[in-house]
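Working notes for the structure below.
By convention here, the first residue in the shown sequence is residue 1.
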Amino acid sequence: MRILMLAQFYRPVIGGEETHVRSLSIALAARGHEVSVATLQQSDLPEVETDQGVRIHRIHSTMQRATGVLFTTDRQHAPPFPDPEIMLALRRLIRQERPDIVHAHNWILHSFTPMKVWSKAKFVISLHDYSLICAQKLLLYRGDKACSGPAFAKCLGCAGQHYGTVKGTFTTLSNWAMNPTERAAADQFITVSEAVAELNRLSKSRLPYHVIPNFVPDDVGVLDDPASEFDPRLDQLPKVPYLLFVGDLRHLKGVDVLVKAYGKLTDHPNMPPLVLIGRECEDTPTELPPNVTMIKGWPHDLVMMAWRRALIGIVPTVAPEAFGIVIIEAMANGIPVIASRIGGIPEIVVDGETGILCPPGDADALSAAIERLVADPALIERMGQAGKRRMSLFLASTVIPQFEAVYQELAPSQARTAPTSTTKASAITE
């Protein structure tokens, strides 16, 4: 089967969605499908290259020319409406690749919808966030609490605070205007959790959707580069087992809540160090309690090495996290996870069995959970082993066939039987 992935970002841009697209593409190619990816050009990367059997096409967008006006970071996003240059590039690629399935991730999909009928391809849309109903995609109202749902005036004000008045108004109007077209064009929606389906209101509509979780390679513990094990940057890690946070170092990921919670425990005897690894953001904490190490911009292999040495993983997000692939990576290493009871996280962490769930934003509850686990090494071991067993639900060999089943249902005449070998997906995961 010929599959064209549409993703606004791809490696070397690293994030949960980008990692998922790459992992899925490589795994499908390894199973005999012809897979190509259309993604936005970033920096001076080659326009065409091959990544483990996947053809990567980097294309330009008209909105990228607005850098400094609409974009305030190095991530130049696809807009929530058809972009002229993306449309032209996709038309050329569709003629070249002749896909049976176009599988879109995020707002780059809007540049395909006008040519969906012309392409004759079946259209699959993966929702990794809440972009179907939320202009800022996070379903976080005014930056600090979970949103109860969309309303036009409410969304205008919230997006205005998030993006600025002009960009917020423009983004909200576009997202609302394009919503009916997106819903009509999709042959199938895929959500990474039941929470994403529910909060995007798919579960209450007649729109077709499947819930297929994010995944990690079956050989998740194998490094892309074995030399990473000897990387001198690992010397930044404490010499003793530690508490580990991995993700964007920002409020919506709950870093400030974690720092506050840990600050309450600094006088606790035998409290392990805390390590924060992630991308620096505008609201990254600048004042840290004693025994806290912040590491910025590590590659994935080093992050996996950090997980191997950790004692407990902490995911204190205050936003309704769509999934949380870092949780799976912790579980793969036999590490229990303390996480927020919000979004799709309770679908991964079994409270009291593979970890502990806390109310989002509650520093006192987070402190108590850390203190409880640290005081009980046997519980840490028991939860870690339970997490490793639960990992089988999120391995590539379990999840990839679910995507193939969706594709085959939509385009049965083009389906091909996947190889019966035990080829493993060797893609990077966040």
Side-chain angles (χ1 to χ4, degrees), residues 8-9 12-19 40 42-43 61 63-80 106-107 128-131 134-147 154-172 174-175 236 244-263 274-289 292-300 303 314-322 324-326 340 342-343 360-361 363 366 430:
Q8 60 182 355
F9 301 128
V13 176
I14 297 297
E17 181 181 316
E18 296 79 36
T19 297
L40 297 182
Q42 303 289 331
S43 303
S61 76
M63 293 304 292
Q64 284 179 316
R65 305 184 191 283
T67 300
V69 178
L70 293 179
F71 300 114
T72 57
T73 72
D74 57 348
R75 295 195 176 198
Q76 300 170 350
H77 298 259
N106 223 299
W107 280 341
H128 303 268
D129 51 31
Y130 307 101
S131 54
C134 177
Q136 60 165 312
K137 307 181 184 181
L138 304 172
L139 212 59
L140 194 66
Y141 184 62
R142 293 193 177 272
D144 60 2
K145 59 183 178 181
C147 180
K154 172 184 174 184
C155 292
L156 277 176
C158 182
Q161 177 177 305
H162 182 73
Y163 294 115
T165 301
V166 175
K167 183 180 175 183
T169 300
F170 184 72
T171 302
T172 301
S174 298
N175 201 40
Q236 299 176 59
L244 179 59
F245 166 92
V246 174
D248 283 351
L249 302 168
R250 58 188 306 193
H251 166 69
L252 71 87
K253 294 294 185 179
V255 172
D256 52 341
V257 178
L258 174 55
V259 168
K260 181 179 179 180
Y262 189 78
L274 171 63
V275 177
L276 311 172
I277 302 178
R279 183 170 65 97
E280 185 174 17
C281 303
E282 291 182 357
D283 55 352
T284 296
T286 56
E287 296 184 8
L288 302 175
V292 177
T293 300
M294 180 180 289
I295 301 172
K296 304 169 185 176
W298 265 16
H300 182 262
V303 171
I314 305 182
V315 183
T317 178
V318 299
E321 192 82 30
I325 203 164
V326 294
S340 297
I342 193 170
L366 185 56
E430 182 192 29

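Looking at residues two or more places apart in sequence or on another chain, you find a side-chain contact (heavy atoms from CB on, under 4.5 Å) between Q236 and R233, I295, W298. Applying the side-chain hydrogen bond (donor to acceptor under 3.5 Å, both in side chains) rule to S174 yields no partners; only residues at least two apart in sequence or on another chain are considered. Scanning for side-chain hydrogen bond (donor to acceptor under 3.5 Å, both in side chains) contacts around N175 gives W107, with sequence neighbours left out. By the side-chain contact (heavy atoms from CB on, under 4.5 Å) test, L138 is found to be paired with Q136, L140, H162, L252, residues two or more places apart in sequence or in another chain being considered. K296 is linked by a salt bridge (charged side-chain N to carboxylate O under 4.0 Å, His left out) to E280, counting only residues two or more places apart in sequence or in another chain.
Heavy atoms only, all atoms of each residue included: C158 and R142 are closest at SG-N, 3.2 Å. Taking both residues in full, the closest heavy atoms of T284 and R279 are given as OG1-O, 4.4 Å, listed atom of the first, atom of the second, then distance. Nearest approach of R250 to D283, heavy atoms of both residues: CB-OD1, 3.0 Å. A pairwise comparison of heavy atoms in L40 and A78 identifies CD1-N, 3.7 Å as the closest pair. Of all heavy-atom pairs spanning T317 and S340, the tightest one is O-OG, 2.7 Å.
The distance from atom NZ of K167 to atom OG1 of T169, rounded to the nearest 0.5 Å, is 12.5 Å. Note that the CZ atom of F245 and the CD1 atom of I314 stand 10.0 Å from one another [nearest 0.5 Å]. Taken to the nearest 0.5 Å, the CG atom of D129 stands 10.0 Å off from the CG atom of L139. A distance of 5.0 Å separates CG of L249 from CE of M294, quoted to the nearest 0.5 Å.
Between K253 and E321, at least one side-chain N (NZ, or NE/NH1/NH2) sits under 4.0 Å from a carboxylate O, which counts as a salt bridge.
A donor-acceptor pair is defined here as one N or O able to donate and one able to accept, closer than 3.5 Å; no such pair exists between the side chain of T172 and the backbone of A135. The main-chain N or O of F9 is never found under 3.5 Å from a side-chain atom of E18 such that the two would form a donor-acceptor pair. Of the possible donor and acceptor atoms, none in the side chain of T171 sits under 3.5 Å from a partner among the backbone N and O of G168.
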Atom pairs and distances, side-chain donor-acceptor, residues 255-263, under 3.5 Å, sequence neighbours left out:
unit_1	atom_1	unit_2	atom_2	d
D256	OD1	H251	ND1	3.3
D256	OD2	H251	ND1	2.8
Y262	OH	P272	O	2.6

